[in-house]
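A short write-up of the structure that comes next.
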Amino acid sequence: MSKQSERLKIEYSEGTNRRIRLFEIANNKILETIFDDNGAVMRISILQSRNLESALSEFLNSLPEKADKVEKPYEEIKLKKQCPYCGSDALARSINIEKGQVPIAPIYECKNCSEKSYYLTEEYLQYLVLCNKKLFEKQELRQLEANEKEFLGELSEYIVRIFASKRIKRIK
């Protein structure tokens with residue numbers, strides 16, 4: 001566990017996978033982001049918790065086993081990929097909550113060249129679709145049920161085009 005002003009980070013294991021859970025205050029709300037071991041966003045949500053300590057307490061109470069808390073200095077979570085602009089390995093998530101809404105696509109900013117890019121894993125895209133089915137038309141939901149992999153692939157292609165039109169590069 002580590003803390004830095006309005007951020008609280010917990011590193012833990014979930015089965016055989018290492019996870020990072022970040023609670024942070026953004027626009028007077030508590031934002032919870034779960035990252036994989038490579039620093040890729042897996043889930044983002046706004047919590048009902050009033051402060052970082054209550055968010056931490058709720059998370060710890062949800063664990064099946066008692067966890068040992070070991071405090072260490074805070075280190076920014078970096079994506080273990082190269083910047084598509086300059087090639088450096090200095091990508092950190094860039095967050096901006098507007099109107100209390102969670103950002104859809106994870107945006108990263110290079111600490112070397114200051115350019116923004118995005119990285120969207122298949123797992124995160126699947127999570128977004130399954131948690132937001134109400135945003136899709138009936139025909140789209142039928143396509144999803146008929147062939148989820150094909151549907152997610154098509155959706156991913158749309159996302160690539162949208163970001164390309166905004167001149168935001170995809171991190172590979």
Side-chain angles (χ1 to χ4, degrees), residues 1-84 88-97 100-112 116-133 135 144 148-149 151-153 155-156 159 163 168 170-172:
M1 181 176 96
S2 55
K3 190 172 182 179
Q4 178 190 56
S5 64
E6 298 185 331
R7 292 180 174 173
L8 180 66
K9 180 174 77 169
I10 303 167
E11 297 178 44
Y12 61 100
S13 294
E14 189 175 77
T16 59
N17 299 313
R18 189 174 158 273
R19 299 285 183 245
I20 303 167
R21 193 171 291 240
L22 180 66
F23 300 102
E24 58 193 322
I25 298 172
N27 201 16
N28 294 321
K29 304 217 182 262
I30 303 292
L31 184 70
E32 175 187 49
T33 308
I34 302 172
F35 299 86
D36 69 11
D37 194 27
N38 292 315
V41 171
M42 297 178 60
R43 291 194 169 91
I44 304 174
S45 58
I46 294 177
L47 301 179
Q48 299 302 317
S49 303
R50 295 175 307 284
N51 55 48
L52 293 175
E53 288 70 26
S54 64
L56 172 63
S57 180
E58 289 169 23
F59 171 66
L60 292 175
N61 290 334
S62 73
L63 296 174
E65 297 177 16
K66 179 108 172 111
D68 294 327
K69 285 198 280 187
V70 177
E71 293 197 34
K72 63 181 197 174
Y74 185 88
E75 290 180 25
E76 191 165 8
I77 301 166
K78 294 194 176 178
L79 181 64
K80 295 176 184 169
K81 298 278 185 182
Q82 290 187 328
C83 173
S88 73
D89 61 349
L91 293 168
R93 185 185 57 135
S94 174
I95 192 81
N96 182 16
I97 297 181
Q101 299 208 347
V102 174
I104 301 297
I107 303 294
Y108 293 83
E109 184 176 344
C110 179
K111 298 300 179 185
N112 186 48
K116 291 189 178 187
S117 50
Y118 77 98
Y119 185 68
L120 191 65
T121 65
E122 286 181 32
E123 182 180 349
Y124 181 65
L125 182 58
Q126 181 183 32
Y127 162 77
L128 283 176
V129 169
L130 297 178
C131 290
N132 295 287
K133 284 186 173 183
L135 299 176
L144 173 63
E148 184 177 298
K149 185 175 175 120
F151 181 83
L152 292 174
L155 188 57
S156 182
I159 292 168
F163 277 103
I168 299 175
R170 180 179 180 200
I171 301 166
K172 296 183 182 190

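These numbers were taken from a predicted model, which means no experiment stands behind them.
With sequence neighbours excluded, the residues that form a side chain to side chain donor-acceptor pair (under 3.5 Å) with E53 are K3. For E109, the side-chain contact (heavy atoms from CB on, under 4.5 Å) partners are S94, S114, K116, not counting sequence neighbours. Contacts of E122 classified as side chain to side chain donor-acceptor pair (under 3.5 Å), with partners at least two apart in sequence or in another chain: none. The ring pair (Phe, Tyr, Trp, His ring centres under 6.0 Å) search around Y119 returns none, not counting sequence neighbours. Looking at residues two or more places apart in sequence or on another chain, you find a side-chain contact (heavy atoms from CB on, under 4.5 Å) between I168 and Y118, F163, K166. By the side chain to side chain donor-acceptor pair (under 3.5 Å) test, Q126 is found to be paired with E148, residues two or more places apart in sequence or in another chain being considered. By the side-chain contact (heavy atoms from CB on, under 4.5 Å) test, I25 pairs with E6, I30, L52, sequence neighbours left out. When the side-chain contact (heavy atoms from CB on, under 4.5 Å) test is applied to K172, no partner is found at least two apart in sequence or on another chain. Scanning for side chain to side chain donor-acceptor pair (under 3.5 Å) contacts around S54 gives N51, with sequence neighbours left out.
Of all heavy-atom pairs between L125 and L152, the closest is CD2-O, 3.6 Å. In terms of heavy atoms, Y127 sits closest to I44 at OH-O, 3.8 Å. Closest of all the heavy-atom pairs between A90 and N112 is CB-N, 4.1 Å. The shortest heavy-atom contact between Y108 and G39 is OH-O, 3.2 Å.
Between T33 and E24 the shortest side-chain heavy-atom distance falls below 4.5 Å. Looking at heavy atoms from C-beta onward, M1 lies in side-chain contact with L8 at the 4.5 angstrom threshold.
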CA sep, side-chain torsions, deciding dist, call: S117, C110, side chain to side chain contact (heavy atoms under 4.5 Å, CB included): CA-CA 8 Å; S117 50; C110 179; over 6 Å; no
Passes side chain to side chain contact (heavy atoms under 4.5 Å, CB included), I20 versus K9? Steps please. CA-CA 7 Å; I20 303 167; K9 180 174 77 169; 3.6 Å; yes
Should R93 and L22 be marked as a side chain to side chain contact (heavy atoms under 4.5 Å, CB included) after you check the CA-CA gap, both sets of side-chain angles, and the distance that decides it? CA-CA 11 Å; R93 185 185 57 135; L22 180 66; 3.3 Å; yes
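Rounded to the nearest 0.5 angstrom, R19 CZ and R43 CZ are separated by 8.5 Å. Atoms CD1 and CG, from I34 and D36 in turn, are 11.0 Å apart once rounded to the nearest 0.5 Å. Once rounded to the nearest 0.5 Å, the distance linking CD1 of I95 with CG of L31 reads 5.0 Å. Of the inter-residue distances, the one linking Q48 atom CD with K29 atom NZ reads 8.0 Å to the nearest 0.5 angstrom.
For the ring-ring contact (aromatic ring centres under 6.0 Å, His included) condition, the pairs that include at least one residue of residues 10-45, sequence neighbours left out, are Y12-F59.
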Show me the donor-acceptor pairs, under 3.5 Å and distance only, between side chains in residues 71-82 and residues at least two apart or in other chains.
from	atom 1	to	atom 2	distance (Å)
K72	NZ	E11	OE2	3.2
K80	NZ	D37	O	3.1

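By the neighbour-count criterion of 12 heavy atoms within 6.0 Å, atom CG of N38 is densely surrounded, having more than that number from other residues, nucleotides or ligands.
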